[in-house]
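Input: a single structure, listed below in structure tokens.
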Amino acid sequence: MARTHRSARQFALLFLLALVTTHAITVVDAADRISKVPTIAYKTFNNDKIPVPPAKSTAATESVGSTAADPKAVATTFLTTQLQFPVSEFVIKNVVPVSNGMTAVYVRQLVNGIEVVNGDINLNIKNGKVVTYGDSFYRGARPSKPNLNNQESLVASKTPDAAFKSLASFVGAQPARVEVKANTQEGASSKAGPTYTITSDIAATKVPAKYSYVQDGNNLKLVYSMQVKMANTDSWYHGHVNVQTGAVEAINDWVSDARYTVLPIGTVSPKTGPLIDIDGGSVVKSNASPKGWHATNAESWTYTRGENTFVLAPNNVVPVGSGSDGLDFTAWGKPDFSKNADQYTMQAAIQLFYEMNYAHDLSYQYGFDEVSGNFQVDNFGKGGAGNDAVLAYAQSADGHDNANFATPPDGEQPVTRQYIFLGTNPSTDGVYEPLIPLHEYMHGITNRLTGGPANVDCLSSVLSSGMSEGWSDVFGLVVNVFKADSDPNASYGVGVYVANNPNGIRTYPYSNNMSVNPLKYSSLKTMTEPHAVGVVWAVILVEIYFNLVKKYGYGDLMAADFSKGNSKFLKIVFDALKLQPCNPHILHARNALLQADVNMTGGTSYCEIFLPFAKRGFGWSANGDFVDNFERGPICS
Ligand SMILES: *[C@@H]1O[C@H](CO)[C@@H](O)[C@H](O)[C@H]1NC(C)=O
Ligand SMILES: *[C@@H]1O[C@H](CO)[C@@H](O)[C@H](O)[C@H]1NC(C)=O
Ligand SMILES: *[C@@H]1O[C@H](CO)[C@@H](O)[C@H](O)[C@H]1NC(C)=O
Ligand SMILES: [Ca+2]
Ligand SMILES: [Ca+2]
Ligand SMILES: [Zn+2]
């Protein structure tokens with residue numbers, strides 16, 4: 001009996017190991033995919049297809065910027081002629097250069113000279129043309145111009161003092177003292193009526209207040225808009241109080257108070273660094289998530305749901321926050337990693353929520369925005385299709401030893417599943433190797449960006465689906481693993497924690513050292529498995545990354561300072577994804593990287609990008625035949 005029992009156990013164990021082995025290669029995989037892509041004849045990789053940097057003189061002019069029509073003037077013409085708003089009805093608030101010659105212009109609506117706080121148009125302008133725009137301008141009936149300079153003439157109006165008290169009570173504060181001072185008016189500003197400065201014990205600083213409109217369906221409501229930085233909480237409110245009724249019509253807390261106990265991005269695994277309490281206010285990027293991670297314009301949630309993702313544990317259970325704002329998730333505490341992963345499911349869901357949002361906010365800085373087809377419920381009038389926040393299943397029960405990400409076209413909700421890894425003892429959860437959820441999120445990014453956000457069938461050939469694995473590994477490494485002092489000749493693994501193996505689960509670890517990772521163009525000849533193909537692509541990207549960090553230094557990736565090597569790398573990768581053709585060959589993708597750098601900087605990183613390709617057989621005369629070519633070419637020789 002005992003013997004039988006034992007051999008049955010042994011069999012079970014072997015079976016498990018076999019499973020783990022097969023899954024080990026496909027770990028952090030896109031779902032088992034069925035795809036069929038007609039073969040494209042790659043016969044046109046002539047030297048002249050490789051982008052080259054412009055001659056020095058042109059480079060200088062190009063990098064300084066275009067002399068084409070002023071985007072502000074283009075925007076004004078578009079607003080007045082296409083959209084038929086007279087110049088008196090809008091004000092251009094910001095003109096922001098994007099990359100590739102694109103400029104974003106942000107416009108606020110004026111009615112009767114008064115700003116409509118939720119009436120915005122953003123225009124993306126390139127080569128003197130409006131490429132895309134978002135529009136939330138009010139079109140309903142116009143109220144007559146209120147006589148703001150005569151307070152008493154406003155029908156049944158509340159004083160600024162009463163409005164401030166109403167706002168205070170709305171946020172649960174009782175001011176003991178409120179002093180209102182009307183500011184002296186000069187020039188144009190007086191058109192929008194007087195402004196006030198309010199001092200109160202509940203506010204940390206003086207509260208500026210002015211008249212605005214809030215559009216609410218077919219109504220335009222005159223409000224006092226006030227910015228209240230609270231004295232005793234972290235909140236900093238932008239509140240809008242109805243001048244007639246004193247009701248709070250709209251309010252936004254500029255500070256997100258949410259708190260999470262997580263393994264911070266930048267830590268390889270719980271074996272290399274601690275979990276910490278993170279304050280939402282310190283990680284949320286307001287340009288990417290204007291209402292924080294738990295709210296859209298219309299709704300808010302006190303569980304792992306929000307603008308960018310909705311994270312569910314098995315049986316559709318969700319971790320709920322606590323505290324006065326319901327957004328403190330730290331009460332769930334830390335996982336006990338000495339136990340099996342199913343003993344900390346809720347913590348894992350919180351970790352996944354943090355990671356999905358982090359990936360959203362970070363990728364936003366590099367151009368994965370609304371227009372580019374990113375994943376958001378509410379696009380805040382910035383173009384693209386919304387209602388496609390990532391639906392994320394933590395510790396999904398329908399699999400193990402893996403993770404996946406399914407990407408439909410822009411406007412349809414992507415789904416990611418993270419599984420428990422049974423190959424370790426105790427079992428582990430891939431969300432605690434942040435590279436893994438980042439890898440999955442990057443699948444969504446590369447699918448949306450390649451061939452435009454509406455076409456998500458552009459990474460389905462052997463080479464392009466392989467590259468998609470490569471981009472995903474590299475995104476995970478760059479965001480979570482590489483540090484300022486990382487040695488390019490060292491070995492970097494993927495899945496080191498979930499496989500409990502420092503070399504990870506790929507065919508070779510990543511390294512500039514050819515003795516550690518010998519892959520070349522010719523290695524691809526017999527490869528069909530996407531992850532194996534991906535390692536060939538990614539090992540080159542890793543070398544480009546290290547070249548750029550060596551040349552331009554290392555900065556905070558979230559700050560997206562493109563003069564720093566790591567940020568420059570990520571920006572070039574994101575731009576290239578947008579530039580490359582559908583189902584690219586690796587040589588197409590190489591050329592897109594070179595093109596992105598030429599477009600962005602005039603080609604200042606040309607050889608940092610080209611030489612790692614030449615080193616591994618994708619040199620100057622390489623063509624579609626999988627024969628290694630190591631020529632450095634005329635520019636980098
Ligand atoms: C990049 O530059 C090339 C040629 O200089 C141009 O054809 C292409 O449109 C540019 N792409 C973008 C997105 O700017
Ligand atoms: C990595 O190895 C190469 C030789 O293979 C060497 O030239 C280079 O200096 C090394 N880099 C570092 C940072 O040690
Ligand atoms: C490259 O890897 C080999 C094999 O691991 C090792 O002996 C060699 O020292 C490495 N070279 C560098 C420059 O790190
Ligand atoms: Ca979208
Ligand atoms: Ca696409
Ligand atoms: Zn993958």
Side-chain angles (χ1 to χ4, degrees), residues 122 124 132-134 287-291 296-298 306-310 356-357 359-361 363-364 366-392 405-416 441-456 482-493 501-504 506-520 539-540 542-554 565-566 574 577-578 607-608 611-612 614-616 630 632:
N122 69 297
N124 296 319
T132 50
Y133 72 101
N287 64 339
S289 301
K291 307 270 165 167
T296 67
N297 250 331
E307 164 71 358
N308 310 316
T309 189
F310 181 3
M356 292 290 104
N357 277 292
H360 170 274
D361 286 11
S363 56
Y364 196 95
Y366 291 86
F368 187 49
D369 54 13
E370 295 85 355
V371 175
S372 307
N374 73 352
F375 310 127
Q376 297 183 186
V377 174
D378 192 338
N379 281 3
F380 298 96
K382 296 181 195 163
N387 291 317
D388 59 357
V390 176
L391 186 57
F405 196 105
T407 322
D410 192 23
E412 295 174 43
Q413 194 166 26
V415 178
T416 187
Y441 200 91
M442 188 63 171
H443 274 305
I445 295 174
T446 54
N447 266 315
R448 286 280 173 90
L449 291 184
T450 305
N455 185 351
V456 285
F482 294 152
K483 299 284 182 292
D485 59 354
S486 290
D487 176 2
N489 294 321
S491 297
Y492 297 93
N501 177 348
N503 281 330
R506 296 293 181 238
T507 48
Y508 294 97
Y510 293 111
S511 175
N512 281 5
N513 185 338
M514 293 291 282
S515 315
V516 175
N517 186 323
L519 293 170
K520 298 192 294 283
V539 74
I540 297 169
V542 164
E543 183 150 354
I544 296 170
Y545 168 87
F546 282 123
N547 282 351
L548 294 175
V549 168
K550 186 173 178 199
K551 184 167 176 183
Y552 300 106
Y554 180 96
N566 52 341
F574 274 53
L577 289 166
K578 296 179 183 177
C607 296
E608 282 73 21
L611 289 178
K615 169 174 164 180
R616 292 184 186 262
F630 302 102
R632 299 159 67 104

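Counting begins at 1 with the first residue of the sequence. Each ligand, and each atom within it, is numbered from 1 in the order the structure gives.
Rounding to 10 degrees, one finds that the Ca ion (ligand 4) sits at the corner of an angle of 90° between A385 O and D388 OD1.
Rounding to the nearest 0.5 angstrom, the gap separating the CG atom in N287 from the CZ atom in F380 is 11.5 Å.
What sits closest to atom 5 (O) of ligand 3 on the protein, heavy atoms only, is V516 CG2, 4.1 Å. Scanning the protein heavy atoms around atom 2 (O) of ligand 3, the nearest turns out to be N513 ND2, 2.3 Å.
If you look at D410 and ask which of its N, O or S atoms sits nearest the Ca ion (ligand 4), the answer is OD1.
Atom NZ of K550 has 12 or fewer neighbouring heavy atoms from other residues, nucleotides or ligands inside a 6.0 Å radius. Within 6.0 Å of CZ on F630 lie more than 12 heavy atoms contributed by other residues, nucleotides or ligands.
Relative orientation of the F405 and F375 rings is tilted, given thresholds of 30° and 60° on the angle between their planes.
Within a 4.0 Å radius of atom 11 (N) of ligand 3, the protein contributes at least one heavy atom. By the definition of a contact as any protein heavy atom under 4.0 Å away, atom 7 (O) of ligand 3 is not in contact.
Residues E307 and K291 are not paired through a salt bridge, judged by the lack of any N-O separation under 4.0 Å between the basic side chain and the carboxylate. The existence of a salt bridge linking K382 and D369 is excluded, since no basic side-chain nitrogen approaches an acidic carboxylate oxygen closer than 4.0 Å.
V542 approaches F482 most closely through the heavy-atom pair CG1-CZ, 4.0 Å.
Near N489, meaning under 4.0 Å from one of its heavy atoms, ligand 2 places the atoms 1 (C), 2 (O), 3 (C), 8 (C), 10 (C), 11 (N), 12 (C), 14 (O). Near P488, meaning under 4.0 Å from any of its heavy atoms, are these atoms of ligand 2: 13 (C). Which parts of ligand 3 touch S515 is read off a 4.0 Å heavy-atom cut-off, strictly below it: atoms 2 (O), 3 (C), 4 (C).
Because the distance cut-off is set at 3.0 Å, Q376 fails to qualify as a neighbour of the Ca ion (ligand 4), as none of its N, O or S atoms comes that close.
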